[in-house]
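Inspection log for the structure reproduced underneath, given as structure tokens.
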Amino acid sequence: MSSYSQKNTKKVTVSTIKGMKSIEPITMVTAYDTLFAKLFNQSVEIILVGDSLNMSFSGKPDTLSANMELMIYHTRAVCNGANRPLIVFDMPFGSYTTKDRALKNATRVYRETDAQAVKIEGGRKRAKIIKTLTKNSVAVMGHIGLMPQFVRSEGGYKVKGKNEKNIKELVEDAKAIEDAGAFAMVIEGVKCEAAKAITEAVSIPTIGIGAGVDTDGQVLVWSDMFGFFEDFRPKFAKQYLDGAKLIRDALDVYVDEVKTKAFPSKEYTY
Ligand code: KIV
């Protein structure tokens with residue numbers, strides 16, 4: 001455990017996160033259940049209950065079929081395991097298409113889970129929706145750049161910020177989100193120059209994934225970073241553990257011991 005993790009005991013709030021910009025890099029990981037949320041509780045500032053769970057947890061080809069029920073179920077489980085980090089609920093595809101729908105669903109998140117904020121994909125086009133939520137006391141994290149909920153309409157996962165024009169558009173998206181009252185934003189899958197320009201243009205923290213080192217924090221999907229999701233590995237997803245191999249190796253030992261009747265030995269017998 002790092003010395004940083006050991007001193008981390010205070011509850012993280014939206015204000016804590018806002019205050020970290022340009023002071024200390026923000027750490028965020030996804031979690032989908034109580035077991036992993038407990039493991040992450042002392043170490044990171046933010047846990048995102050990402051709709052990526054639709055792929056890595058539910059085996060779907062993209063995030064689009066996640067719905068409010070699924071996300072609420074997993075968020076409750078995460079909240080049962082983690083009481084220190086800020087818990088962010090990822091609003092699923094179709095749940096914030098209008099201001100009314102967004103407010104109804106975000107209100108439901110606050111009523112039915114202990115999440116402290118919701119995340120919404122989209123820049124200028126979603127600014128009015130974000131404003132409706134923040135004006136009604138819902139904390140919002142934005143998400144710009146590569147937005148997984150646009151995978152079908154854009155025909156794939158496309159890295160953004162590759163030219164001056166697009167960098168300018170991304171900066172405008174980020175400013176619109178900030179003006180709408182978001183407390184932070186995820187910047188996903190953009191060239192590092194673009195992420196730097198966005199981070200310098202706004203006064204709220206930016207949290208990058210595949211966006212280089214110049215954002216105010218980083219987020220990774222737990223099943224990528226710990227090597228449990230093997231279907232594909234994006235370039236940015238550094239693997240900190242070979243989780244799938246560890247599990248398979250341990251399982252092989254168990255199967256072998258059962259087959260040879262080495263388990264259960266006396267030690268594990270009443
Ligand atoms: O759903 C998710 O896990 C996300 C992260 C990639 C930021 O939105």
Side-chain angles (χ1 to χ4, degrees), residues 14 17 28 30 46 48-55 62-68 70-71 75 88-110 115 117-136 138-162 165-191 194-195 197-199 201-211 215-217 219 221:
V14 164
I17 299 303
M28 171 160 129
T30 65
I46 308 178
L48 169 69
V49 188
D51 61 357
S52 53
L53 68 83
N54 206 48
M55 299 168 76
D62 57 37
T63 61
L64 275 69
S65 54
N67 59 29
M68 287 296 294
L70 181 78
M71 296 306 297
T75 302
V88 180
F89 178 102
D90 207 2
M91 296 286 278
F93 181 71
S95 67
Y96 52 96
T97 45
T98 64
K99 290 191 260 183
D100 286 351
R101 183 184 286 250
L103 187 56
K104 187 166 163 257
N105 282 321
T107 304
R108 192 173 162 205
V109 172
Y110 272 5
V118 301
K119 180 168 80 60
I120 281 187
E121 291 185 13
R124 281 159 289 171
K125 287 187 188 149
R126 291 273 153 75
K128 284 191 179 142
I129 286 170
I130 294 175
K131 192 159 202 167
T132 301
L133 297 186
T134 57
K135 277 199 152 182
N136 283 282
V138 178
V140 177
M141 175 180 278
H143 183 152
I144 59 169
L146 185 161
M147 295 175 285
Q149 290 180 10
F150 290 65
V151 63
R152 296 193 201 177
S153 61
E154 291 191 354
Y157 298 107
K158 310 257 165 75
V159 173
K160 301 285 162 70
K162 286 184 171 172
K165 183 174 170 282
N166 190 223
I167 293 178
K168 204 166 159 266
E169 286 164 355
L170 287 167
V171 168
E172 281 169 22
D173 281 338
K175 283 184 173 166
I177 290 172
E178 176 179 27
D179 290 346
F183 72 95
M185 74 187 75
V186 167
I187 308 177
E188 179 168 359
V190 303
K191 298 287 280 182
I198 296 165
T199 302
V202 293
S203 62
I204 56 174
T206 60
I207 301 173
I209 174 162
T215 51
D216 298 304
V219 52
V221 172

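Quick caveat, the model's predicted, so the values are computed rather than measured.
Side-chain contact between T98 and I129 is absent, with no heavy atoms from C-beta onward closer than 4.5 Å. Using a 4.5 Å cut-off on side-chain heavy atoms (C-beta onward), P92 and M68 make contact. Using a 4.5 Å cut-off on side-chain heavy atoms (C-beta onward), I207 and I187 make no contact. Side chains of N54 and L70 form a contact here, defined as non-hydrogen atoms less than 4.5 Å apart. At a threshold of 4.5 Å between non-hydrogen side-chain atoms, the residues P148 and H143 count as touching. Put simply, the side chain of V109 does not reach to within 4.5 Å of the side chain of N105, judged on heavy atoms. You'll find the side chain of E188 stays beyond 4.5 Å of the side chain of M147, heavy atoms only. Annotation: side chain of I144 is not in contact with side chain of V186 (no heavy-atom distance under 4.5 Å).
Taking every heavy atom of both residues into account, A184 and I17 meet most closely at CB-CG2, 4.4 Å. Between R126 and F150, the shortest heavy-atom contact is NH1-CZ, 4.2 Å. Contact detail for Y110 and A139: the closest heavy-atom pair is OH-N, 3.0 Å. Taking each heavy atom of I130 and I177 in turn, the nearest pair found is CD1-CG1, 4.1 Å. Residues G142 and A182 come closest through the heavy atom pair N-CB, 4.3 Å. Summarising the geometry of V202 relative to K175, their closest heavy-atom pair is CG1-N, 4.0 Å, with the distance given to 0.1 Å.
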Exercise for the section: In sequence, state the C-alpha distance, the side-chain angles, and the governing distance for R152 and F93, and then conclude on side-chain contact (heavy atoms from CB on, under 4.5 Å). Expected result: CA-CA 11 Å; R152 296 193 201 177; F93 181 71; over 6 Å; no

Problem - Step-by-step side-chain contact (heavy atoms from CB on, under 4.5 Å) determination, L146 to K158 - result: CA-CA 6 Å; L146 185 161; K158 310 257 165 75; 5.8 Å; no

Problem - Verdict with supporting geometry, M28 and M141, side-chain contact (heavy atoms from CB on, under 4.5 Å) - result: CA-CA 12 Å; M28 171 160 129; M141 175 180 278; 3.9 Å; yes

Practice task
Verify side-chain contact (heavy atoms from CB on, under 4.5 Å) between K119 and V140, making sure each step is shown before the conclusion.
Solution key: CA-CA 6 Å; K119 180 168 80 60; V140 177; over 6 Å; no

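Rounding to the nearest 0.5 angstrom, the gap separating the OG1 atom in T132 from the NZ atom in K99 is 4.5 Å. To the nearest 0.5 Å, atom OG of residue S153 and atom CG of residue L64 are 8.0 Å apart.
Checked against salt bridge (charged side-chain N to carboxylate O under 4.0 Å, His left out), R108 has the following partners two or more places apart in sequence or in another chain: E69, E112. Partners of E169 by salt bridge (charged side-chain N to carboxylate O under 4.0 Å, His left out), not counting sequence neighbours, listed by chain and number: K165. The side-chain contact (heavy atoms from CB on, under 4.5 Å) search around A194 returns I167, L170, V190, not counting sequence neighbours.
The closest donor-acceptor contact from the side chain of Y96 to the backbone of A106 lies at 3.5 Å or more, if one exists at all. Judged by distance alone, with hydrogens and angles left aside, the side-chain atoms of D216 form a donor-acceptor pair with the main-chain N or O of T206 at under 3.5 Å. Panel note: side chain Q149, backbone M91; a donor-acceptor pair is recorded below 3.5 Å. In this structure, N166 contributes its side chain and G161 its backbone to a donor-acceptor pair below 3.5 Å.
There is a side-chain donor-acceptor pair under 3.5 Å between S203 and E178. In this structure, a donor-acceptor pair under 3.5 Å is absent between the side chains of T199 and T215.
With T75 as reference, V49 is the one residue of L53, V118, V49 to meet the side-chain contact (heavy atoms from CB on, under 4.5 Å) rule.
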